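For reference, the structure discussed in these notes is given below.
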Protein chains: 2
Amino acid sequence: MPDDELNLGLLLFIPYRAMENRVFERLAGAGYDITPAQARVFQRISATGSRLTELAEQAQVTKQTAGFLVDQLEKAGYVRRVPDPTDARARLVQIADRGAETIPIAAAVVAEIEAEWTAHLGATQAAQLRRALGKLREITDPYAGPAST
Amino acid sequence: MPDDELNLGLLLFIPYRAMENRVFERLAGAGYDITPAQARVFQRISATGSRLTELAEQAQVTKQTAGFLVDQLEKAGYVRRVPDPTDARARLVQIADRGAETIPIAAAVVAEIEAEWTAHLGATQAAQLRRALGKLREITDPYAGPAST
DNA sequence: CCAAATTAGACAGTTTCTCTGACTACCCGT
DNA sequence: ACGGGTAGTCAGAGAAACTGTCTAATTTGG
């Protein structure tokens, strides 16, 4: 079955899932048990901390769901909640020590996988892929730009 | 925040989700209420019908989960189960009339979106993207090749 | 400058999704 | 025809998502 019979959505999803699977696998192996749902929220936390509502929007879940997931992450020590100095209603979700430990681990797997992909595609095609995806982001990403992982 | 600070995984995910969202939106608008979980299974059904176990593997869920989702799809009239003539243990999940109706609708949205993307990227870069993703599939897709959206 | 609308977040209850474990029915090789 | 493996279901539990409602704080408009 030739690739051009597959729609671009699926074509995008296949490598995405492959990468995600390997990241979770590695993290679990290192003793960091984090679920995909939790990760989707965790990934969006900015360097200075993010509000729950922000996280909910970007992860495309309701505030309730985001709150529930942050509760779990907090209980497991991955994040903490601090009062937002600029708004007494709000609290900032920040990455805590245990959460910070996961970042270099995840980054290492991602780098490995990107190296494998570049080896398979060749430097030219890999660069083309990255360039095209970057440009596609302009019309498909409603949000600024989340951090690592 | 420049694109090359984002890992390829996220770069792949952003347009994927954008496309997925629009397909569900359109389908819901046309009265076809199908959940993402159900869609992940439905999408994998081959032209002649697929076994539950096959669907479960490809959708990366357990047989029990796949069975649960097929139950829902069957109840809503999107699929039917028929005995597998080659193996009395097995049954084939096939796309039923109501399920077949969704296919051209989904295909139309996908075509629209692909046209928008091509317009934004230009024909050359769009072709490069498709080519690179096709090649990436060789090392990231453990399964043959599912049908249309 | 105060009332109204909005926003941040939490609580309660429900539905949907997914898993593990145990089971039946059937297939196939020896 | 026995024994091991495969296809699928049943039962129960936990995770993840939703809607609706509520309080407190902030912003806005008259």
Side-chain angles (χ1 to χ4, degrees), chain A residues 13 17 20-21 24-25 27-28 32-46 48-76 78-94 143, chain B residues 13 17 20-21 24-25 27-28 32-46 48-76 78-94 143:
Chain A
F13 181 63
R17 188 172 59 183
E20 193 188 55
N21 285 159
F24 283 120
E25 210 175 283
L27 244 20
Y32 297 97
D33 283 311
I34 191 163
T35 68
Q38 288 162 6
R40 275 202 295 277
V41 167
F42 182 81
Q43 205 175 16
R44 302 291 179 158
I45 301 172
S46 79
T48 53
S50 302
R51 294 196 185 169
L52 191 62
T53 304
E54 266 179 273
L55 296 176
E57 267 173 27
Q58 293 182 19
Q60 295 200 177
V61 295
T62 60
K63 291 187 293 178
Q64 292 86 333
T65 299
F68 172 75
L69 294 168
V70 168
D71 282 348
Q72 297 178 324
L73 288 166
E74 192 175 29
K75 227 168 270 173
Y78 293 110
V79 307
R80 65 170 160 268
R81 286 193 240 220
V82 300
D84 184 336
T86 71
D87 190 332
R89 290 169 305 179
R91 294 202 279 165
L92 290 176
V93 179
Q94 294 180 333
Y143 307 104
Chain B
F13 182 63
R17 189 173 57 182
E20 194 188 56
N21 285 160
F24 282 120
E25 209 175 286
L27 244 19
Y32 296 96
D33 283 312
I34 192 164
T35 67
Q38 289 163 4
R40 275 202 296 278
V41 167
F42 182 80
Q43 205 173 20
R44 302 291 178 156
I45 301 172
S46 78
T48 53
S50 301
R51 294 196 185 170
L52 192 62
T53 304
E54 266 180 273
L55 295 176
E57 268 174 25
Q58 293 182 18
Q60 294 199 176
V61 296
T62 59
K63 290 186 293 176
Q64 292 86 332
T65 298
F68 173 76
L69 295 168
V70 168
D71 282 347
Q72 298 177 324
L73 287 167
E74 193 175 27
K75 227 168 272 173
Y78 294 110
V79 307
R80 63 169 162 268
R81 287 193 240 221
V82 300
D84 184 336
T86 72
D87 189 335
R89 290 170 304 180
R91 294 201 279 166
L92 291 175
V93 178
Q94 295 180 332
Y143 306 104

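Just so you know, these numbers come straight off a predicted model, no measurement behind them. All chains are named by letter (A, B, ...) in the order of the sequence lines, taking the proteins before the strands, and each is independently numbered beginning at 1.
Rounded to 10 degrees, the angle between the two end axes of the helix from C:dC1-D:dG30 to C:dT30-D:dA1 is 30°, with five pairs used at each end.
Between the C1' atom of C:dT7 and the CD atom of A:Glu57 lies a distance of 11 Å, rounded to the nearest Å. Atom CG in A:Asp84 sits about 16 Å away from atom P in C:dT7, given to the nearest Å. Atom CG of B:Asp71 is separated from atom C1' of D:dC10 by 11 Å (rounded to the nearest Å). Taking atom CZ on A:Arg51 and atom P on D:dT26, their separation rounds to 10 Å, with Å as the unit. Per the geometry, CG belonging to B:Leu52 stands 12 Å off P belonging to D:dC10, to the nearest Å. One can place CZ of A:Arg40 at 9 Å from C1' of D:dA16, the figure rounded to the nearest angstrom. Atom pair B:Asp33:CG and C:dT16:C1' shows a separation of 14 Å (rounding to whole Å applied). At whole-Å resolution of the value, CG in A:Leu69 and C1' in D:dA17 are 9 Å apart.
Each of A:Arg89 and A:Gln72 was assigned the nucleotide of DNA chain D with the nearest heavy atom; the assignment lying further toward the 5' end belongs to A:Gln72. Between A:Thr86 and A:Lys63, the residue anchored nearer the 5' end of DNA chain D, judged by the nucleotide with its closest heavy atom, is A:Lys63.
Ring planes of B:Tyr78 and B:Phe42: perpendicular class, angle over 60° (limits at 30 and 60°).
No donor-acceptor distance shorter than 3.5 angstrom exists from the side chain of B:Gln38 to the backbone of B:Val70, with no hydrogens or angles considered.
Distances shorter than 4.0 Å separate none of the side-chain N or O atoms of A:Arg91 from OP1 or OP2 on D:dA24. At C:dC17, none of the side-chain N or O atoms of B:Thr65 fall inside 4.0 Å of OP1 or OP2 (strictly under the cut-off). At D:dC18, one or more side-chain N or O atoms of A:Thr62 fall inside 4.0 Å of OP1 or OP2 (strictly under the cut-off).
If you check distances only, the side chain of A:Gln64 never reaches the base of C:dG13 with a donor-acceptor pair under 3.5 Å.
If you check every strand for non-hydrogen atoms under 4.0 Å, B:Thr53 touches sugar and phosphate atoms only. Note on B:Asp87: only backbone sugar-phosphate atoms sit closer than 4.0 angstrom, heavy atoms only; bases stay farther off.
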How far apart are the C-alpha atoms of A:Arg91 and A:Asp84, what are their side-chain angles, what is the distance that settles it, and do they pass the side chain to side chain contact (heavy atoms under 4.5 Å, CB included) test? CA-CA 5 Å; A:Arg91 294 202 279 165; A:Asp84 184 336; 5.7 Å; no

Decide yes or no on side chain to side chain contact (heavy atoms under 4.5 Å, CB included) for B:Gln60 and A:Asn21, but give the supporting numbers first. CA-CA 11 Å; B:Gln60 294 199 176; A:Asn21 285 159; 3.3 Å; yes

Between A:Arg51 and A:Leu92, does the side chain to side chain contact (heavy atoms under 4.5 Å, CB included) criterion hold? Intermediate values first, please. CA-CA 5 Å; A:Arg51 294 196 185 169; A:Leu92 290 176; 3.9 Å; yes

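Rounding to the nearest 0.5 Å gives a distance of 11.0 Å between CG of A:Asp33 and CZ of A:Phe24.
Partners of B:Glu54 by side-chain hydrogen bond (donor to acceptor under 3.5 Å, both in side chains), not counting sequence neighbours: none found.
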